[in-house]
Peer 1: 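Structure below; questions to follow.
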There are 2 protein chains.
Amino acid sequence: MTRIPAPERRVALIEAALRVVSRNGIAQATTRAIVAEAGMSLASFHYAFDSRDELIDELISTVIDRTRGAVMPEVLVEGTLVDVLEAGIVRYFEHLKADPEHEQAMLELTQYALRSPERHPLARAQYARYVELAEQSLAIAAERSHSTWTVPVTRVARTLVAFTDGLTVTWLVDRDDAAALAVAHAAADALSRMAEPR
Amino acid sequence: MTRIPAPERRVALIEAALRVVSRNGIAQATTRAIVAEAGMSLASFHYAFDSRDELIDELISTVIDRTRGAVMPEVLVEGTLVDVLEAGIVRYFEHLKADPEHEQAMLELTQYALRSPERHPLARAQYARYVELAEQSLAIAAERSHSTWTVPVTRVARTLVAFTDGLTVTWLVDRDDAAALAVAHAAADALSRMAEPR
DNA sequence: AGCGAACTGGGACATGTGACCCAGTTCGAA
DNA sequence: TTCGAACTGGGTCACATGTCCCAGTTCGCT
């Protein structure tokens with residue numbers, strides 16, 4: 001009924017799609033399901049997007065852009081590097097626990113992108129973004145703990161991303177908080193060895 | 001043409017399904033695709049299985065049972081615990097590189113199982129199996145390096161699984177061998193701190 | 001107010017898919 | 001050798017899904 005210009009509709013559809021993917025998985029993110037979630041008619045979908053694929057691609061791009069420093073955001077703690085790192089990872093874990101479906105959706109989108117050569121770059125971009133954010137956090141962490149990375153920060157960041165990823169996948173499966181915290185501790189420990197006091 | 005008893009057919013279909021999932025992803029593992037891969041007719045499928053869901057469930061169970069000590073199998077190296085651990089993880093990494101599609105399939109099956117409450121236990125079982133295998137490997141590793149775990153082995157194992165999982169996901173995305181080896185190194189380092197010389 | 005373009009709703013179509021059915025064929029046991 | 005059950009192939013059904021079309025409606029501009 002209400003007229004909405006196409007660009008806004010694209011945004012609304014992407015939001016709706018993310019909700020559907022989070023709630024029901026990407027396999028259930030059909031055009032009809034997305035449109036229902038957005039409260040629109042099917043025609044509006046193809047007025048705003050050429051195809052479902054186009055929407056999914058934009059969805060992935062959007063979540064990449066939107067990914068803020070969830071991984072170790074503003075590190076609040078002052079202290080040893082290990083402590084700062086662990087606090088950061090634990091904070092990410094809290095974020096994961098607060099919205100597991102979202103992280104699960106991210107994982108699914110990655111898997112999805114990995115499945116076609118044309119979309120593979122999207123998955124790479126997603127992880128490049130993760131690494132970028134991790135790098136920033138690690139720089140801050142070193143700062144706060146008066147340390148210097150003895151290994152290129154990018155490499156440390158890649159490792160951090162791998163660790164948090166593993167933590168995410170395993171926790172999504174077993175929901176074992178204590179185990180996840182143990183992983184966080186071990187990961188922080190490993191990372192801290194890549195720096196020295198300044 | 002050739003008559004094949006139902007139980008054998010089930011096995012053949014599961015094998016075929018695994019190949020299809022590895023090659024094209026679980027979304028493409030339709031009854032028709034599986035049947036074509038197995039060189040059977042569609043009717044044979046529903047003669048052997050009640051439904052596609054039943055096959056997928058059995059597929060997951062099968063891969064769980066079949067999962068051998070890919071994660072740090074017979075640890076060959078003698079040496080420091082770190083070295084033994086790293087060698088084991090690197091060996092897993094070689095396995096991953098040798099057949100990336102298989103590990104990707106495992107990941108997809110997990111994600112798939114995670115999406116429905118009835119199947120969630122399958123995902124848990126899969127990871128429980130991983131942890132079990134990791135535990136065995138870790139016991140051997142401690143043995144070989146004359147060390148003792150100072151933390152319950154199960155917890156160490158869970159952490160190892162998380163680490164290798166993270167390594168897997170990130171490597172599947174960026175195919176960065178050097179980065180993966182760095183993760184392996186860091187992971188081995190972290191794990192080795194959970195033991196002491198005997 | 002009037003006009004053209006932007007937008008909307010409902011329906012339609014082709015295709016893919018899971019499930020099923022049934023008439024035939026083949027095998028093993030009696 | 002015969003007979004019944006196990007098995008097979010091909011066709012079919014219902015439904016979901018991506019895409020499209022078109023007649024109508026609404027808006028911004030003149």
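In what follows, every chain begins at residue 1, and chains take the letters A, B, ... in the order their sequences are listed. Computed from a predicted structure; not experimentally measured. Note: hydrogens, waters and symmetry copies are ignored here, and every other heavy atom, side chains too, is used.
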Peer 1: Quickly work out the A:I26 CD1 to D:dT17 C1' distance and round it to whole Å.
Peer 2: 15 Å
Peer 1: Do the side chains of B:R129 and B:E132 get close enough for a salt bridge, i.e. N-O under 4.0 angstrom?
Peer 2: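 Salt bridge between B:R129 and B:E132, a charged N being under 4.0 Å from a carboxylate O: yes.
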Peer 1: Between atom CZ in B:F49 and atom C1' in C:dA19, what is the gap in whole Å?
Peer 2: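 Taking CZ of B:F49 and C1' of C:dA19, I get 15 Å after rounding.
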Peer 1: Among A:R23, A:E15, A:R32, which residue meets the side-chain contact (heavy atoms from CB on, under 4.5 Å) test with A:E37?
Peer 2: A:R23
Peer 1: Would you indicate what A:R32 reaches in the nucleic acid, counting non-hydrogen atoms under 4.0 angstrom: base, sugar-phosphate, or nothing?
Peer 2: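 Result for A:R32 = base.
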Peer 1: If each of A:G39 and A:L42 is mapped to the nucleotide of DNA chain C with the nearest heavy atom, which maps nearer the 5' terminus, i.e. the 5' end?
Peer 2: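 This one resolves to A:G39.
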Peer 1: Mind calculating the distance between CD1 (B:I34) and P (C:dA19) to the nearest angstrom?
Peer 2: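 Distance check: B:I34 CD1 to C:dA19 P gives 11 Å.
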Peer 1: Nearest whole Å is fine: how far is D:dT19 P from A:L55 CG?
Peer 2: 11 Å
Peer 1: Grab the two heavy atoms, one from A:S192 and one from A:L85, that are nearest each other, plus how far apart they are.
Peer 2: N-CD1, 3.6 Å
Peer 1: Rounded to the nearest Å, what distance is computed from the CZ atom of residue A:R10 to the P atom of nucleotide C:dC7?
Peer 2: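 Rounding to the nearest Å, CZ of A:R10 and P of C:dC7 are 12 Å apart.
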Peer 1: Between B:D53 (CG) and C:dT17 (C1'), how many Å, whole number?
Peer 2: 13 Å
Peer 1: Using the closest heavy atom to pick a nucleotide of DNA chain C for each, name whichever of A:S44 or B:D50 lands nearer the 5' end.
Peer 2: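 The residue whose closest nucleotide sits nearer the 5' end is A:S44.
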Peer 1: A:R52 has an atom CZ; how far is it from atom C1' of C:dG16, in whole Å?
Peer 2: 14 Å
Peer 1: It should be established whether A:T31 places a side-chain nitrogen or oxygen under 4.0 Å from OP1 or OP2 of nucleotide D:dG18.
Peer 2: yes
Peer 1: Whole angstroms only, please: what is the CG-P distance between A:L13 and D:dT19?
Peer 2: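 Nearest whole value for this atom pair: 13 Å.
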Peer 1: Applying a 4.0 Å non-hydrogen cut-off, can you work out what B:T30 is touching in the nucleic acid: base, sugar-phosphate, or nothing?
Peer 2: sugar-phosphate
Peer 1: Charged N to carboxylate O under 4.0 angstrom, A:D57 versus A:R119?
Peer 2: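 Between A:R119 and A:D57 there is a salt bridge, with a charged N closer than 4.0 Å to a carboxylate O.
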